[in-house]
Novice: 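Before we start, here is the structure in question, set down as structure tokens.
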Amino acid sequence: MIYYDQAIATADRELSVRRARNRAFIISEIVTFLLAVLSIVLFTTGTGDGLMMALAVLFIALYIYIRFTDTRNDKVIRQFEDIRSACIRERNYLNGKYDDFDDGRRYADADHPFTTDLDIFGRESLYQRVCRAVTTGGADALAEAFKLTDGPHDERHDAIAELAKKPELLIEFKRRGQRGVANTTAVRKAFNNIQTLKLPSWARSKVVKVISWIYLAVFICALLYSIATQTNLLSMVWWCIINFFAVYIICNKSMKAMTDAVGGLVKQHGVYVQLVAIVEQTETQETVLANLRNQVAGASESLKTLDGILQRLESRGNILGLFIFDMLFLWDYQILNSFNRWQKRYASHFDQWIAAVSQFDMLVSMATFRYNESDLTTDAEIIDSDKVEYEAKGLFHPFLGKKAVRNDFTITDRNFYIITGANMAGKSTFLRSLGINYVLAMNGMPVFASKLTVSRFHLFTSMRTTDDLTRGISYFNAELLRLQQILDSLRDDSPTLIILDEILKGTNSEDKLSGSRMFLEYVAKKNVTGVIATHDLKLSSMVEAYAERFHNYCFEIALGTDVTYSYKITPGVARNQNATFLLKKMLEK
């Protein structure tokens, strides 16, 4: 919070000074422009002669200089506005306000093994608390990381830790997204179009290039000689007109194809130039960051060159400018030639650069989360094991913050833990704490615990099953489908941890108990470990038949004049329930 407050205060001071300069520049521009006009008028009326012309030139030069300085000042103002905006968003985050950030609901998938149950995507989700992506590619990369679809990524831990020590770099990167997220898909499509664009053979010919330079040199010399000697001026005018029409007619088709190819790039390109420069200039010895930096080596120079080509393409919209430049410098051909050289040298590196920026963008989000949550988190210890190992000290759910009650819990391979307890006693929150901290650990991110030692395994949860009337799926049927998903996901050669909250809620108590026992007895024969929360106290009797594999834990409550919740998990079976107690109190009012 202190860093963000200081950065906001610094930005406010700079903005105050820069905006005052901006007002002064505007006044100066008006004054110098009017003085230049006055000098020209006086010169044309014969007052002052040479002096007035000299003053007119001086005031025009001053106007251009002030205008240029004003433009630079405006750019700095936008930079500090963006820094201020980024810091205010982070301060809002620390105050529990997340609406400024992408909630990632478009990535939600009810069929995913765990993301729906663990609140990975959606309003006030883990994704919304973490995501600071300034490109859609970075947002996509973060979503895929949280899904663990292609395996754990705890090797990025050191990269996240190093970036988290550089809050200035994080803000400098994130400020690029304060006015809108860059569309990676549009950029990639434009780059692919550029890569596949075929220019005519004459535009790529070195012979034509040499001839064009010789021709241009002869033309310029002839033009200068004609102006100096005041001879053949009409012929030179016709020569200029022929130049324009010849270049325009010959190059127009290729110029149109080039403009269409880069059409999706113009709006996004400037942001990517800046982001690539940050990645390229990041000083680090850390392996992941160094690899990303190496992947974009030379990209800044390339993209700046392309930026120049794009600006020249955009300038063709000025008809007068196009006429003059094509007439005097064969401008369209020069653009084609520059584009051809750039295409041959850099086109094959596009996908690599985009992927590197997306990964760096994702790491900035993760590092920001680590920086913001440094007071509550620690680093998990990831161990290499072919078994489920999960040992937590002081574990709690990241959404609860400082008010959370911490719990110790150990999960041993191929063991099952039946957790009982009253409503609102903390069972479901505890289950989600186990799952969401595993997702954080597997991404190399800090975990919400005093200590967490965990192995790599497959995670599957069933906690929020819902019906789907549009497809004719009842609640009970949806539960069966989810359990079938779990069974289909099991692998004999790799361990799985299943976290279940109330198996078969959609049937009667006796049928539920029988079905739950049957399911657990079946998966207990597989390479599976499980944590199961239930209100059905009879399910805890499985310990009697499988004492070495099944264990009972509970969240107990105390009943007195009111209900007291400890939110602490302890060995044993819950004795007290609160539904009847609370309902009785409500009816007695």
Side-chain angles (χ1 to χ4, degrees), residues 117-118 388-397 399-400 403-438 448-452 461-464 497-505 509-510 512-521 523-524 528-585:
D117 293 330
L118 300 184
V388 171
E389 297 191 39
Y390 196 120
E391 182 180 359
K393 301 291 184 182
L395 183 79
F396 64 102
H397 198 287
F399 297 0
L400 297 179
K403 66 181 181 181
V405 175
R406 297 168 178 251
N407 279 289
D408 299 344
F409 199 70
T410 299
I411 300 173
T412 305
D413 189 58
R414 297 204 179 195
N415 281 246
F416 292 80
Y417 303 84
I418 309 296
I419 301 177
T420 54
N423 293 297
M424 303 183 294
K427 302 187 302 299
S428 297
T429 299
F430 176 72
L431 297 186
R432 292 189 177 93
S433 299
L434 295 173
I436 202 167
N437 277 293
Y438 175 76
F448 291 75
S450 302
K451 181 181 179 182
L452 178 62
T461 65
S462 180
M463 303 175 69
R464 280 194 177 130
L497 173 65
I498 59 173
I499 300 177
L500 312 178
D501 192 359
E502 291 293 347
I503 307 174
L504 302 176
K505 293 187 287 288
S509 299
E510 185 176 342
K512 170 185 174 182
L513 175 61
S514 176
S516 298
R517 288 181 63 94
M518 187 184 305
F519 179 80
L520 292 177
E521 287 172 347
V523 295
V528 175
T529 305
V531 183
I532 302 95
T534 182
H535 285 102
D536 195 336
L537 302 182
K538 291 183 180 179
L539 190 61
S540 61
S541 64
M542 292 195 70
V543 174
E544 299 171 5
Y546 307 96
E548 295 182 356
R549 300 282 302 282
F550 282 77
H551 314 275
N552 288 327
Y553 281 82
C554 68
F555 283 89
E556 191 59 276
I557 62 173
L559 300 177
T561 57
D562 210 336
V563 182
T564 302
Y565 301 94
S566 69
Y567 304 112
K568 296 291 289 185
I569 191 168
T570 57
V573 181
R575 301 182 304 277
N576 296 325
Q577 300 297 313
N578 60 0
T580 302
F581 180 88
L582 293 173
L583 185 60
K584 182 179 179 181
K585 287 194 66 174

Novice: Working to the nearest 0.5 Å, report the span between CG of Leu400 and OG1 of Thr429.
Specialist: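 Here the interatomic distance stands at 6.0 Å.
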Novice: Are the side chains of Val528 and Ile498 in contact, using a 4.5 Å heavy-atom criterion?
Specialist: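 The answer is yes; the side chains approach within 4.5 Å.
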Novice: Report the distance from atom OG of Ser516 to atom CD of Glu502, rounding to the nearest 0.5 Å.
Specialist: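 The distance works out to 8.0 Å.
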Novice: Strictly distance-based, threshold 3.5 Å: is any side-chain N or O of Thr420 a donor or acceptor partner for the main-chain N or O of Thr534?
Specialist: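 Looks like no, no N/O pair under 3.5 Å.
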Novice: Please report whether the ring centroid of Tyr553 lies less than 6.0 Å from that of Phe409.
Specialist: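 So the answer is yes for these two rings.
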Novice: Could you tell me whether the side chain of Tyr546 reaches within less than 4.5 Å of the side chain of Glu521, counting heavy atoms only?
Specialist: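 With C-beta onward as the side chain, the pair touches.
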Novice: Report yes if some heavy atom in the side chain of Leu520 is under 4.5 Å from a heavy atom in the side chain of Phe550; otherwise report no.
Specialist: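 Result yes, sub-4.5 Å side-chain heavy-atom pair found.
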Novice: At what distance, to the nearest 0.5 angstrom, does OG of Ser462 lie from CG of Leu500?
Specialist: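 One gets 6.0 Å once the value is rounded to the nearest 0.5 Å.
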Novice: Measure the shortest side-chain to side-chain distance between Ile411 and Val388 over non-hydrogen atoms and say whether it is less than 4.5 angstrom.
Specialist: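 Ile411 reaches Val388 side chain to side chain.
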Novice: Verify side-chain contact (heavy atoms from CB on, under 4.5 Å) between Ile503 and Lys512, making sure each step is shown before the conclusion.
Specialist: CA-CA 7 Å; Ile503 307 174; Lys512 170 185 174 182; over 6 Å; no
Novice: Nearest heavy-atom pair of Ile569 and Asn407: which atoms, and what distance?
Specialist: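 For Ile569 versus Asn407, the nearest heavy atoms are N-OD1, 2.8 Å.
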Novice: Compare every heavy atom of Met463 with every heavy atom of Ile499, then report the nearest pair and how far apart it is.
Specialist: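 Ile499 and Met463 have their closest heavy atoms at O-CG, 4.1 Å.
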Novice: Can you tell me how far the CZ atom of Phe448 sits from the NE2 atom of His397, to the nearest 0.5 Å?
Specialist: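 NE2 of His397 is found 9.5 Å from CZ of Phe448.
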Novice: Give the minimum heavy-atom separation between Cys554 and Pro571, together with the two atoms involved.
Specialist: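 Minimum heavy-atom contact is SG-O, 4.3 Å.
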Novice: Is it the case that the side chain of Asp408 and the backbone of Gly394 share a donor-acceptor pair, with hydrogens and angles ignored and the cut-off at 3.5 Å?
Specialist: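 Yes, the answer is positive, given that a donor and an acceptor are paired below the 3.5 Å cut-off.
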Novice: Could you check if a side-chain atom of His551 sits within less than 4.5 angstrom of a side-chain atom of Ile418, using non-hydrogen atoms only?
Specialist: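 Side-chain contact under 4.5 Å: no.
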Novice: Give the minimum heavy-atom separation between Ala422 and Ile557, together with the two atoms involved.
Specialist: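 Here Ala422 and Ile557 meet closest at CB-CD1, 3.6 Å.
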Novice: Please give me the minimum heavy-atom distance between Asp117 and Arg432, naming the atom from each residue.
Specialist: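 Smallest heavy-atom distance, with atoms named: O-NE, 2.8 Å.
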Novice: Less than 4.0 angstrom from a charged side-chain N to a carboxylate O is my criterion; do Lys568 and Glu556 meet it?
Specialist: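 Salt bridge absent between Lys568 and Glu556.
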Novice: Between the side chains of Asn423 and His535, is a donor N or O closer than 3.5 angstrom to an acceptor N or O?
Specialist: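 Present: a donor and an acceptor within the cut-off.
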Novice: Measuring only between side-chain heavy atoms, which start at C-beta, is Leu395 closer than 4.5 Å to Asn437?
Specialist: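 Touching, per the 4.5 Å side-chain cut-off.
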Novice: Could you tell me whether a side-chain N or O of Lys427 sits under 3.5 Å from a main-chain N or O of Gly421, the two making a donor and an acceptor?
Specialist: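 Here the side-chain-to-backbone pair exists.
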Novice: Could you tell me whether Phe430 and Phe555 have their ring centroids closer than 6.0 angstrom?
Specialist: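 They qualify: ring centres under 6.0 Å apart.
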Novice: Between Val405 and Phe396, which heavy-atom pair has the shortest distance, and what is it?
Specialist: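 It is O-CB, 3.9 Å.
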Novice: Are Thr412 and Thr529 close enough that some pair of their side-chain heavy atoms sits under 4.5 Å apart?
Specialist: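 No, their side chains stay 4.5 Å or more apart.
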Novice: Are side-chain heavy atoms of Leu539 and Arg517 found at a separation under 4.5 Å?
Specialist: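 Yes, their side chains come closer than 4.5 Å.
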Novice: Once rounded to the nearest 0.5 Å, what's the spacing between atom CG of Leu434 and atom OH of Tyr417?
Specialist: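 Leu434 CG to Tyr417 OH: 11.0 Å, rounded to 0.5 Å.
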Novice: Would Ile532 and Ile419 count as a side-chain contact (heavy atoms from CB on, under 4.5 Å) here? Give the steps.
Specialist: CA-CA 6 Å; Ile532 302 95; Ile419 301 177; over 6 Å; no
Novice: Between atom CG of Asp536 and atom CD of Glu510, what is the distance when rounded to the nearest 0.5 Å?
Specialist: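 So the gap between those two atoms works out to 10.5 Å.
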Novice: Looking at Arg414, is its backbone amide N or carbonyl O close enough to the side chain of Arg549 to form a donor-acceptor pair, meaning the two atoms are under 3.5 Å apart?
Specialist: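 Indeed, once roles are kept as given, a pair shorter than 3.5 Å links the two residues.
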